[in-house]
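Just so it is clear, the values below take in all heavy atoms, side chains as well, and ignore hydrogens, waters and symmetry mates. Just so we're on the same page: letters track the sequence lines, and every chain starts at 1. This is a predicted model, so every value here is computed, not measured.
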Protein chains: 4
Amino acid sequence: MNIQFDKRDPIYLQVIRYFKQEIAVAHLKPGQEIPSRRELANQLSINPNTAQKAYKEMETIGLIYTEGNMPSKITENTALLKNIRTELIDEATNNFITAITPIKVPLEEIVDLVKKKYLENENDKEDTND
Amino acid sequence: MNIQFDKRDPIYLQVIRYFKQEIAVAHLKPGQEIPSRRELANQLSINPNTAQKAYKEMETIGLIYTEGNMPSKITENTALLKNIRTELIDEATNNFITAITPIKVPLEEIVDLVKKKYLENENDKEDTND
Amino acid sequence: MNIQFDKRDPIYLQVIRYFKQEIAVAHLKPGQEIPSRRELANQLSINPNTAQKAYKEMETIGLIYTEGNMPSKITENTALLKNIRTELIDEATNNFITAITPIKVPLEEIVDLVKKKYLENENDKEDTND
Amino acid sequence: MNIQFDKRDPIYLQVIRYFKQEIAVAHLKPGQEIPSRRELANQLSINPNTAQKAYKEMETIGLIYTEGNMPSKITENTALLKNIRTELIDEATNNFITAITPIKVPLEEIVDLVKKKYLENENDKEDTND
DNA sequence: GTGGTCTAGACCACT
DNA sequence: GTGGTCTAGACCACG
């Protein structure tokens, strides 16, 4: 596991987003165990309190659950899990539209730009494949 | 002038973004006077200090300038002004791609979604036209 | 008459300093007439209020005097005039020492630097002589 | 820490100048932690907002940096740090020469005066040593 | 009127 | 604890 933190957003939110993404692409499956708070903090070199905050938030959302002293697990509420992908996509798209609309960019120009950056990004990833 | 503030971002940043957008769509032109700090604060119902902070930041960026105790003006550095539109668009697009990529959404689906939301948004605006 | 205004200091203070310098080098002599407030404002392209403020301040100091509707004149208090040169030099030197002392620069280095910059400045002036 | 504030300059600028001087004489070193805003405000008996303003300005200059909510630190850009001493000295000397030149004081007289005041100042400091 | 600074005190999010 | 933002209200110098 590895997260490229940027400093614009709080770390705990970036951790949550990471888990959501892993769920959206089915790298994390219902009932699957996730690292303990301490492990996570170690792996990501973040403050244990930050890890704790992320997990607590995810529990509140219902994304994960913890029974007794067992490792936390991804929820088995598959409906909720299925929504995550849509939720992430919608959120990203809404943010985008909200940001781009006031600048009055023609739809065509937007689509072209999105396509271009999307493909650039794909190529970058291929270049850094192992 | 009117800004719909959300509480996620600091007000002074939203003010700056607003000015950038107004510049990007050429509602604000090089050398044009902008409202005084007090005036802006009144119009937006924000504290004069918050307006001052936004203006000060815009000065350090080079977006506006102030001579003596005269009202501040939009910079006459047209190169800088021209970049603003591109900068805003790029930033929005990059944020979008960065957010959407890890979810592995096919390009086609993304484009469709963008088109759909864009048009929805357009219609909303028409509905509220006078 | 011509003053190169910088924006760090208030204009009216720069005007006063200019008059003091002209007195210090005896370009302005006791009893000599000086431009009216309006004339000064025109020549320097400054606000008449600013010229007025400078003159008023100079009157308070006793540097100039005005009788009735006559043009203002340089004071005939020669003792005061003689002090101006010393005053300007002392002020400049004190400011310099106050600024340079906390940085713990050896006297030798300071003297060398002053000499160097002084001579550079002399040459610049010669180059722009008419 | 102690700063003798004068009322001519804004407090926050005097704070910045103080930090620059401390850097110039190497009392503050690259990466070194500096007091929190609140602490500084307490020590100097100034408002926390004023301390904040000074620190924010130093950040934009690149003099200090802040990660997360950790105490701010002196930048590790040693090139920038090295320049500060030169910058301070040059600025002081330029101001001095600019002020003294129009009075047409012979170089010799200037040097003598600088020497005299420098030494006076040294003695003053010795007198107040513990 | 303008910009600029400052204080006092509060609140928030993050670690 | 930390940094960051915001409000309310005041004062000053400048033009």
Lys29(B), His27(B), Gln32(B), Arg17(B) screened by side chain to side chain donor-acceptor pair (under 3.5 Å) with Glu22(B), the one that passes:
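Of the listed residues Lys29(B), His27(B), Gln32(B), Arg17(B), the side chain to side chain donor-acceptor pair (under 3.5 Å) partner of Glu22(B) is His27(B).
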
Encode nucleotides 8-15 of chain E as B, S and - characters from 5' to 3', where the letter depends on protein heavy atoms closer than 4.0 Å: B to the base, S only to sugar-phosphate, - to neither.
BB---BBB

Geometric class of the Phe96(B)/Phe96(A) ring pair [parallel <30°, tilted 30-60°, perpendicular >60°]:
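Phe96(A) and Phe96(B): parallel rings.
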
Can you tell me the distance, in whole Å, between the [atom1] atom of [X] and the [atom2] atom of [N]?
{"X": "Leu40(D)", "N": "dG4(F)", "atom1": "CG", "atom2": "P", "result": "14 Å"}
{"X": "Tyr65(D)", "N": "dG3(F)", "atom1": "OH", "atom2": "P", "result": "14 Å"}
{"X": "Phe5(C)", "N": "dG15(F)", "atom1": "CZ", "atom2": "P", "result": "9 Å"}
{"X": "Tyr55(D)", "N": "dT5(F)", "atom1": "OH", "atom2": "P", "result": "17 Å"}
{"X": "Ile16(B)", "N": "dT5(F)", "atom1": "CD1", "atom2": "C1'", "result": "13 Å"}
{"X": "Asn42(D)", "N": "dT7(E)", "atom1": "CG", "atom2": "P", "result": "13 Å"}
{"X": "Glu67(B)", "N": "dC14(F)", "atom1": "CD", "atom2": "C1'", "result": "14 Å"}

Is there a side-chain contact between Arg8(C) and Asn95(D) (heavy atoms, below 4.5 Å)?
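The answer is yes, as the side chains (C-beta and beyond) meet within the 4.5 Å cut-off.
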
For residues [X] and [Y], report the shortest heavy-atom separation together with the two atoms involved.
{"X": "Ala99(D)", "Y": "Gln21(C)", "answer": "O-NE2, 4.3 Å"}
{"X": "Leu81(D)", "Y": "Thr75(D)", "answer": "CD1-O, 3.4 Å"}
{"X": "Tyr55(A)", "Y": "Leu40(A)", "answer": "CE1-CD2, 3.6 Å"}

Return whichever of Pro35(D) or Ser45(B) has its heavy-atom-nearest nucleotide of DNA chain F closer to the 5' end.
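The residue whose closest nucleotide sits nearer the 5' end is Pro35(D).
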
Quick one: stems for DNA chain E, with Watson-Crick or G-U pairs under 3.5 Å, at least three in a row?
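Listed by first number, the stems are E:1-14 with F:1-14.
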
Can Glu59(A) and Arg37(A) be counted as an ion pair, charged N to O under 4.0 angstrom?
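Between Arg37(A) and Glu59(A) there is a salt bridge, with a charged N closer than 4.0 Å to a carboxylate O.
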
Around atom CE of Met70(D), are there more than 12 heavy atoms from other residues, nucleotides or ligands closer than 6.0 Å?
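No, the 6.0 Å shell around CE holds no more than 12 heavy atoms from other groups.
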
Think [X] has a side-chain N or O under 4.0 angstrom from the OP1 or OP2 of [N]?
{"X": "Lys56(D)", "N": "dT5(F)", "value": "yes"}
{"X": "Arg37(D)", "N": "dG4(F)", "value": "yes"}
{"X": "Thr66(D)", "N": "dG3(F)", "value": "no"}

When you measure from the side chain of Thr60(D) to the backbone of Glu57(D), do you find a donor-acceptor pair of N or O atoms at a distance under 3.5 Å?
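Yes; at least one donor-acceptor contact below 3.5 Å.
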
